[in-house]
There are 2 protein chains.
Amino acid sequence: MEEREISQAVIRRLPRYYRYLGELLENGVERISSNDLSKRMKVTASQIRQDLNNFGGFGQQGYGYNVKYLYTEIGKILGLEQHHNIIIIGAGNLGQALANYADFEKRGFILKGIFDVNPTLADVSIRGVPVRMMDELEQFVRENDIEIGVLTIPKTKAVEVANNLVNNGVRAIWNFAHIDLNLPENVIVENVHLSESLMRLSYNISRYHEEHKESK
Amino acid sequence: MEEREISQAVIRRLPRYYRYLGELLENGVERISSNDLSKRMKVTASQIRQDLNNFGGFGQQGYGYNVKYLYTEIGKILGLEQHHNIIIIGAGNLGQALANYADFEKRGFILKGIFDVNPTLADVSIRGVPVRMMDELEQFVRENDIEIGVLTIPKTKAVEVANNLVNNGVRAIWNFAHIDLNLPENVIVENVHLSESLMRLSYNISRYHEEHKESK
DNA sequence: TAGATTGTTAATCGATTAACAATC
DNA sequence: TAGATTGTTAATCGATTAACAATC
């Protein structure tokens, strides 16, 4: 009955397994061993087996893993079979990019609304979902059972809006604003800090130059 | 002379330190101890000191760290003072969002070109940078000393385009396509897999529901 | 000087890898 | 059955935290 906590390191790898299994499935591959998969994914076979065994024994000795079965099971673990109502706050390029993002539906996220402060967007619809003005936000969240908010707004507004969403029932935030939200710990936050990703890229380029300058 | 390798865990945290120090700087804070910073960032003071000491002793006993100095030094470590020519391939919403991204310039990345297959975009300019057609790509990369390519194109095209870029001199890829590129190991790749981020969010929501269903 | 806080070593913790018995 | 490959335990490796002497 006592569930042991799955480490974040494992969870971070899970979607990648799912992606590879999806590709194998598309290519008509029926079964795969941890060893084969390890070569494709460039991780150790040991890690694959350890990771999967956190959730159950999905394989069979002497055979390996059935691709379709494992794909489905990981999908369940990731919760992709459940449906969640989602809204996007911030209808700029990034917000629109996400609104047009086909994966939303595939992953069980149902886009219910898009919000912005800019009145010139008031007549715009994206994939049939109209852009609404921010003053409708709170009521909309309450009345439409919104579980997830996507923040594609400047960091100066993000904290306030996030608190607002949570106060009206939102349980999870996909945060693209360059700031930490510091929400109550029962609220789930997944950060996408693009500026930090860019800086890691920058660091790695610099380090590469550094390492190779003596050989010049 | 022998540089010990800095762990990826440290590098992943570095931009976040930089962000917090930037905020402190904006707020006119002159100095900060690892202990104060640890409370704000919700990491241990020990970790902050360990991380920073990978790169040098930036603090002073009994005083702490000078915010401005530390900010500048981390900026140097991250390579933000260097300039790199960058192009975006894929002028959809996401590509346009990134092209409009003010941080590029601030981080030393100079947007030189945007490319797309869609001829209706041929007359469009974003922040003064015109969208070019893909058949100009190779020549453009060679002639304009392009160091970094941003891939905001579908995964079906990403591998081919990435190889193309690398063959024409590009040294680093910021990859938003949902696929692993498998480039030569001297090419730096920073992946932003939004679908994986979304699945982690989905997982955490499911797990939360799981944990709380008995208390219903 | 006394107090504060770093830089750094040592201890602990957790994650990864290796190994192999179980078993299909 | 023999060969293959898992599930899982044990060994190793690396990262985090604790502790404290050095020193501003």
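Letters A, B, ... mirror the listed sequences (proteins, then strands); counts begin at 1.
One atom, CG of B:N35, and another, C1' of C:dT6, lie 12 Å apart when rounded to the nearest Å. Following rounding to the nearest Å, B:R12 (CZ) and C:dA15 (C1') show an atom-to-atom distance of 13 Å. Put simply, CE on A:M41 is 13 Å from P on C:dT17, counting in whole angstrom units. As a whole-Å value, the separation of B:D51 CG from D:dA15 C1' is 10 Å. Distance A:F55 CZ to D:dT6 C1': 18 Å, rounded to the nearest Å. Residue B:N53 contributes atom CG, which lies 15 Å from atom C1' of D:dA19 at whole-angstrom precision. Here C:dT16 presents its P atom at 13 Å from CD1 of A:I48, a figure rounded to the nearest Å. Atom CG of B:L70 and atom P of C:dT5 are 16 Å apart (whole Å).
The base-pairing partner of D:dA4, taking Watson-Crick or G-U wobble contacts with both distances under 3.5 Å, is C:dT23. D:dA15 is paired with C:dT12 under the Watson-Crick or G-U wobble criterion, all donor-acceptor distances under 3.5 Å.
Residue A:Q61 places its side chain closer to C:dA22 than to any other of C:dG7, D:dT17, C:dA22. Residue B:S7 has its side chain nearest to D:dA15 when only D:dA15, D:dT6, C:dG7 are considered. The side chain of B:S46 has D:dA19 as its nearest neighbour among D:dT6, D:dA19, D:dT23.
Dashed line: the shortest gap from a side-chain N or O of A:S34 to OP1 or OP2 of D:dT6 is under 4.0 Å. For D:dG7, the OP1/OP2 oxygens have no side-chain nitrogen or oxygen of A:R49 closer than 4.0 Å. Contact check, B:Y65 against C:dG7: a side-chain N or O comes under 4.0 Å of OP1 or OP2. In this model, the phosphate group of D:dT16 is approached by a side-chain N or O of B:Q47 to a distance below 4.0 Å at OP1 or OP2.
For the side chain to side chain contact (heavy atoms under 4.5 Å, CB included) with B:I126, the qualifying choice from B:I88, B:L111, B:N100 is B:N100, the only one to do so.
The side-chain tip of A:R40 does not point at the ring of A:Y20 from less than 6.0 angstrom away and within 45° of straight on.
Note on ring orientation: taking the six-membered ring where Trp is involved, the planes of A:W174 and A:F104 are perpendicular (angle over 60°, cut-offs 30° and 60°).
Here B:R13 lies in heavy-atom contact (under 4.0 Å) with sugar-phosphate atoms only.
A:Q50 contributes no side-chain N or O that forms a donor-acceptor pair with the base of D:dT6 under 3.5 Å.
Side-chain contact between A:M199 and B:L14 is absent, with no heavy-atom pair separated by less than 4.5 Å.
Between B:F115 and B:F140, the ring centre distance stays below 6.0 Å.
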